[in-house]
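Some notes on the structure that comes next.
The structure presented is a predicted model; accordingly, all values stated were derived computationally and were not measured.
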Amino acid sequence: MAKERLYLFDTTLRDGAQTSGIDFSVDEKIAIAGLLERLGVDYVEGGYPGANPTDTQFFEKKRTEKAKFTAFGMTKRAGRSAANDPGVQMLLQSQSDAICYVAKSWDYHVKVALNSTNEENLQGISESVKAALEAGKEALVDCEHFFDGFKANPAFALACAKAAYDAGARWVVLCDTNGGTLPEEVASIVKAVQEAVPGTHLGIHAHDDTGHAVANSLAAVRAGVRQIQGTLNGIGERCGNANLVTLIPTLMMKSPFMETFEISVTEGALRELTAISRAFDEILNRSSNIHAPYVGRSAFATKAGIHASALLKEPETYEHVPPEMIGNQRRVLVSDQAGKSNLLGELKRLGVEADKNDPRLDTLLAEVKELEARGYSYEAADASFELLARRRLYSVPDFFNVISFRTGVERRYNALGEQVTVSEAVVKVDVDGETFMSVAEGNGPVNALDLALRKDLGRYQAMITNLELIDYKVRILDGGTGAVTRVLIESMNKETGHRWFTVGVSSNIVDASFQALVDSVRYIIFKTEQAKA
């Protein structure tokens, strides 16, 4: 029996941006879109063009290759046509494949929030969908507050859904905007909606205010919807959205979903799920939830005792799925078990050839574990990991050796009598036996070090002219003024657009930063040399 297709719609960059304390830059959005492409979702909702400069700039280009790049915005306002509504026109002019309109479906909100009539609301839905289709874009409609609206006035809520469907919307998405609906209610209402709109055109958008967003999404699927909206790691407004990182392995590995449905995520991408989840947290500059289902560091961890004893004999005794299927690893806390399969998978992804029987893999794995115990994190720092692996498995040179570096910060008065702070750095390197010493001033000690390091690298100088530092993040790993600090740097080759992350760890923030800077420079040299070979 053929499986039914279930579609995944990611709203990390739009609804996830409503999370308290999260404010994406354009570069962060680009990096996250890359993670979503790597995962393999069907739709990437990038934001609300016209609502703010970041989203407007983000939609100046198409940011996905496989997923449908989706713009979010409101249906046309009452009293004007879609052609004369600036918000709708911004959506139509954006470089998107699809438009997801948000529309009121609770008559209470139509009256109070829009100060409009039910008839004008239905007209706005229909005309906005038709405008998207005329512009050659796929149309979706998020029926906001649908479940609360249905409970208050089912006829009007259904009319909103039907207006979207009749106008040609590919997806009519039922939103539990306040997050207060329970799974049984969701299932019952979804079944009722299918009298007006077929399930093949219905989606679910669940919030987690009662902790049921994942359960509500699964209940909706079983009741008939065929699109799920959610976010990476469940971020979102208030308590968050349905967590796609939890939903994806459940759909692929749990009955009855695995026998009934197929999704766009491949088994290979599923094995990268843990790495993608943690890389996303690194981009957000926050600690990953160690207790997160499937991907948390403690998701397959067992302390010593009868559980550990049984686990070592037969993993299925205390594991609901094999951890390696989602890129995680088993941990018996008194003696961590080997994660060679994870290591081999990451090496393969990075294009590093390795024989699974090579004894050097065990040495590399032990070194990675030791470094991560000291604070390094390689889930996001793929370039640092690749350099480390290639050094241990092959004979990749360092290209240059840093003899010494020094930084200084001085506050003084300039010629205009203004108080200024000036940072200066001196870097001395050895290239093929020749010493180069460079001095630079910068906005801070790290910027000065970066400029000095890249000022003169001898015969490698031409290889780093296209290197650009995109982002710089600092994480304090333990408390106190002498705390261990982890620095994550994102870099880009301006010529090719390729981006990579490097990491440094030290009790000295400048030293940690310099480690990451050096890795970034070495990485672009290595990739340039590799391309020539």
With a 4.5 Å heavy-atom cut-off, do [X] and [Y] have their side chains touching?
X      : Y      : value
Asn289 : Asn233 : no
Phe72  : Asp15  : no
Thr64  : Lys68  : no
Arg38  : Glu272 : yes

N/O donor-acceptor pairs under 3.5 Å from side chains in residues 439-454, not counting sequence neighbours:
| residue | atom | partner | partner atom | Å |
| --- | --- | --- | --- | --- |
| Asn447 | OD1 | Asn443 | N | 2.9 |
| Asp450 | OD1 | Arg454 | NE | 2.8 |
| Asp450 | OD1 | Arg454 | NH2 | 3.3 |
| Asp450 | OD2 | Arg454 | NH2 | 2.8 |
| Arg454 | NH1 | Leu467 | O | 2.7 |

List in chain and number order the residues that pass side-chain contact (heavy atoms from CB on, under 4.5 Å) with Met258, two or more places apart in sequence or in another chain; answer none if no residue qualifies.
Ser255
For the NZ atom on Lys494, are there more than 12 heavy atoms of other groups (residues, nucleotides or ligands in this structure) within a distance under 6.0 Å?
yes
Counting only heavy atoms from other residues, nucleotides and ligands, does the tally under 6.0 Å from CG of Asp355 exceed 12?
yes
Is the centre of the Trp171 ring less than 6.0 Å from the centre of the Tyr7 ring?
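Yes.
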Does the separation of the ring centres of Phe400 and Tyr460 fall below 6.0 angstrom?
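No, the ring of Phe400 stays outside the 6.0 Å limit from the ring of Tyr460, centre to centre.
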Distance (rounded to the nearest 0.5 Å) between Met463 CE and Ile524 CD1:
10.0 Å
Rounded to the nearest 0.5 Å, what separates atom OG in Ser491 from atom CD1 in Ile464?
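Nearest 0.5 Å value for the OG-CD1 distance: 11.5 Å.
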Residue pair Tyr43 / Gln227, side-chain donor-acceptor N/O under 3.5 Å
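Not at all, the side chains of Tyr43 and Gln227 share no donor-acceptor pair under 3.5 Å.
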Dump the intermediate steps for side chain to side chain contact (heavy atoms under 4.5 Å, CB included) on Gln530 and Arg390, then the final yes or no.
CA-CA 12 Å; Gln530 189 182 46; Arg390 289 186 182 276; 3.5 Å; yes
I'd like to know if the side chain of Lys66 reaches the main chain of Glu37, judged simply by a donor and an acceptor atom lying under 3.5 Å from each other, with no hydrogens or angles considered.
yes
Tell me if a side-chain donor or acceptor on Lys137 pairs with a main-chain N or O of Ser96 at a distance below 3.5 Å.
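Present.
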Should the pair Phe300 and His320 be assigned to parallel (<30°), tilted (30 to 60°) or perpendicular (>60°) ring geometry?
parallel
Partner set under salt bridge (Lys or Arg N to Asp or Glu O under 4.0 Å) for [X], not counting sequence neighbours:
X      : answer
Asp456 : none
Asp42  : Arg5
Lys62  : Asp97
Glu4   : Arg226

Name the one of Lys527, Arg522, Lys348, Arg392 that satisfies salt bridge (charged side-chain N to carboxylate O under 4.0 Å, His left out) with Glu386?
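Only one of Lys527, Arg522, Lys348, Arg392 forms a salt bridge (charged side-chain N to carboxylate O under 4.0 Å, His left out) with Glu386, namely Lys527.
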